[in-house]
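Note sheet for the following structure.
Residue numbers start from 1 in every chain, and the chains themselves are labelled A, B, ... in the order their sequence lines are given, proteins ahead of strands. This one's a predicted model, so the numbers in the text were calculated from it and none came from an experiment.
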There are 2 protein chains.
Amino acid sequence: MKILIVEDEVKTGDYLRQGLTEAGFVVDLARDGLDGLHLALSGDYDLIVLDVMLPSLDGWGILQTLRRSGRENPVLFLTARDQIEDRVRGLELGADDYLVKPFAFSEFLARVRTLLRRGRSHEPDTLRSANLELDLLRRRVTRCGQRIDLTAKEFALLELLLRRKGEVLPRSLIASQVWDMNFDSDTNVIEVAVRRLRVKVDDPFEPKLIRTVRGMGYVLEAMEPS
Amino acid sequence: MKILIVEDEVKTGDYLRQGLTEAGFVVDLARDGLDGLHLALSGDYDLIVLDVMLPSLDGWGILQTLRRSGRENPVLFLTARDQIEDRVRGLELGADDYLVKPFAFSEFLARVRTLLRRGRSHEPDTLRSANLELDLLRRRVTRCGQRIDLTAKEFALLELLLRRKGEVLPRSLIASQVWDMNFDSDTNVIEVAVRRLRVKVDDPFEPKLIRTVRGMGYVLEAMEPS
DNA sequence: CTTCGACGATCAGGATCTTCATTGTTTCGC
DNA sequence: GCGAAACAATGAAGATCCTGATCGTCGAAG
């Protein structure tokens, strides 16, 4: 798997390259926009990681030219916190995902892997049930088209429930997946987390999707997306 | 590496066994105290994991008999939240470490690895400088013999500083080690964390150990333990 | 049908960690 | 030396998550 990183900030670039290399990828690194574009056009990359702020030619410029020349490479955008609004523009131009700096490397790697798994197709991986949607890449949840903000744990929990919708998930499973915990229980984090999730995702809507199965665990009802 | 787990609670036992097996260890599992003791005495284990609460013979009983028969196997105790005071007793009897349920598997694995690395010696690994001590196994910090409670992040930060005492650690390094972050900075978590750590560890004591090196990072002064 | 016990839901309080705004301090060019 | 800019320290507010207590509800036994 060959990945191109276009990043001018030396530390960040080196850091990402090293991390990806250690993870077994072949990595090229360009320090400015024009170099990046040339490499992107000449090499055959499975993924391109673009910083938005770049000297000579910025991330959008590269992306735009790239897409115009018919390349469909998956693109992961890196944007700074105060440029978050750029993401809209980036996604419109055909970026496949974005990540806000500063970020954890583990998260970066997860996104990279997801993008590679998807290959070059543009369809987003989205989990659904009834009128509930979870967009894995953009880490976004909507219900009836209405955006819902979830915290990390809430998202992880909902993702698990949706991935295995229709199945009753025992607490022990939820604990190990979402909390990495070995549960002799003695704590009710799960109940509390389910509560918080319901407040945001189920309470204001119909139908109710998260169901408690007494003595067993929780299910997210599988229903045809409406 | 051969590990014995003595745990009656089925879920927990299976969970631990599976995890350790996947991590490449050879694992035996006993469901009650007597079985556990027999195995412990007959097999040649590199590590024994003991639940405190057990049918027929509890964790201490096993440990006691084991030590009396001259075995020096490293022992990791598992204790429930409300039995925390047991740990004192356990450690006195010669347990090498304890872990409070419920715990994250990743933490469990880390402890197991540390114990195995130490081999069968009983000396605790402790990091020191001047009158500051950090006990890696018991996750405990003292200064001038006085116990200091640290949070997870605080502990991780201090551990890093102590492991590399005398070295100036750049923020980027600290960020990647303690936060798993790629720092284009734009945040000052590190400064804040250092602050909190200083309040607990340095402010009330002399000499001051955590020094800021402008433009570079932070050092923890290396001084002979007093 | 009623009662009791187990299980889950809910709420408040608190610990931890992060962000943001402000203030303080050092450094360097003039 | 002076002043500005960079860098760090600080304080406070806010977000998230966990704990513990209490309340409610379901279901089985009588």
Counting heavy atoms from C-beta on, name the nucleotide in [options] closest to the side chain of [X].
X: B/Thr212; options: C/dG8, D/dA9, C/dT19; result: D/dA9
X: B/Val189; options: C/dT18, C/dT10, D/dT19; result: C/dT18
X: A/Thr151; options: C/dT18, D/dT16, C/dT16; result: D/dT16

Letter per nucleotide, 5' to 3', of nucleotides 23-30 of chain D [B base touched, S only sugar-phosphate touched, - untouched; heavy atoms, 4.0 Å]: --BB----

Using a cut-off of 4.0 Å on non-hydrogen atoms, how would the nucleic acid contact of B/Ala193 be classed: base, sugar-phosphate, or nothing?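 Nothing, no nucleic acid heavy atom in range.
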
Any base atoms under 4.0 Å from B/Val194, or only sugar-phosphate, or nothing? Heavy atoms, all strands.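 The residue B/Val194 makes no contact with any strand.
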
Strictly below 4.0 Å: does [X] bring a side-chain N or O up to OP1 or OP2 of [N]?
X: A/Thr187; N: D/dT19; result: yes
X: A/Trp179; N: D/dC17; result: no
X: A/Tyr218; N: C/dC7; result: no

A/Thr126 and A/Asp135: side-chain donor and acceptor closer than 3.5 Å?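 Result is no, nothing qualifies.
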
Would B/Arg198 and B/Thr212 count as having a side-chain donor-acceptor pair, cut-off 3.5 Å?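 Indeed, the side chains of B/Arg198 and B/Thr212 share at least one donor-acceptor pair under 3.5 Å.
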
Establish whether the base of C/dG8 is bridged to the side chain of A/Asn188 by a donor-acceptor pair shorter than 3.5 Å.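 No, no donor-acceptor pair under 3.5 Å.
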
Considering residues at least two apart in sequence or located in another chain, which fulfil the side chain to side chain donor-acceptor pair (under 3.5 Å) criterion with B/Arg143?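 B/Arg143 satisfies side chain to side chain donor-acceptor pair (under 3.5 Å) with B/Asn131, B/Asp202 once adjacent residues are dropped.
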
Can a salt bridge be assigned to the pair [X] and [Y] using a cut-off of 4.0 Å between side-chain N and carboxylate O?
X: A/Lys208; Y: A/Glu206; result: yes
X: B/Arg196; Y: B/Glu154; result: yes
X: B/Lys101; Y: B/Asp51; result: yes
X: B/Arg163; Y: B/Glu159; result: yes
X: B/Asp8; Y: B/Arg31; result: no
X: B/Asp149; Y: B/Lys200; result: no

Could you state the atom-to-atom distance from [atom1] of [X] to [atom2] of [N] in whole Å?
X: A/Arg211; N: C/dC7; atom1: CZ; atom2: P; result: 19 Å
X: B/Leu169; N: D/dA8; atom1: CG; atom2: P; result: 14 Å
X: A/Arg171; N: C/dG8; atom1: CZ; atom2: P; result: 4 Å
X: B/Ile174; N: C/dT18; atom1: CD1; atom2: P; result: 14 Å
X: B/Asp149; N: C/dG14; atom1: CG; atom2: P; result: 18 Å
X: A/Leu150; N: D/dT16; atom1: CG; atom2: C1'; result: 13 Å
X: A/Ile190; N: C/dA9; atom1: CD1; atom2: P; result: 11 Å
X: B/Glu191; N: D/dG11; atom1: CD; atom2: P; result: 15 Å

Along DNA chain C (nearest heavy atom to each residue), the more 5'-positioned of A/Gly217 and B/Lys153: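 Looking at DNA chain C, the more 5' nearest nucleotide goes with A/Gly217.
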
Using a cut-off of strictly less than 4.0 Å between a heavy atom of the residue and any atom of DNA chain C, enumerate the qualifying residues of residues 198-210 of chain A by number.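 Heavy-atom contacts with DNA chain C come from A/Arg198.
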
Hey, can you tell me if B/Tyr15 and B/Phe105 have their rings parallel, tilted or perpendicular (30° and 60° cut-offs)?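 Plane angle over 60°, so perpendicular.
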
Tell me which of A/Glu154 and B/Met216 sits closer to the 5' end of DNA chain D, going by the nucleotide each one is nearest to.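 It is B/Met216 whose nearest nucleotide is closer to the 5' end.
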
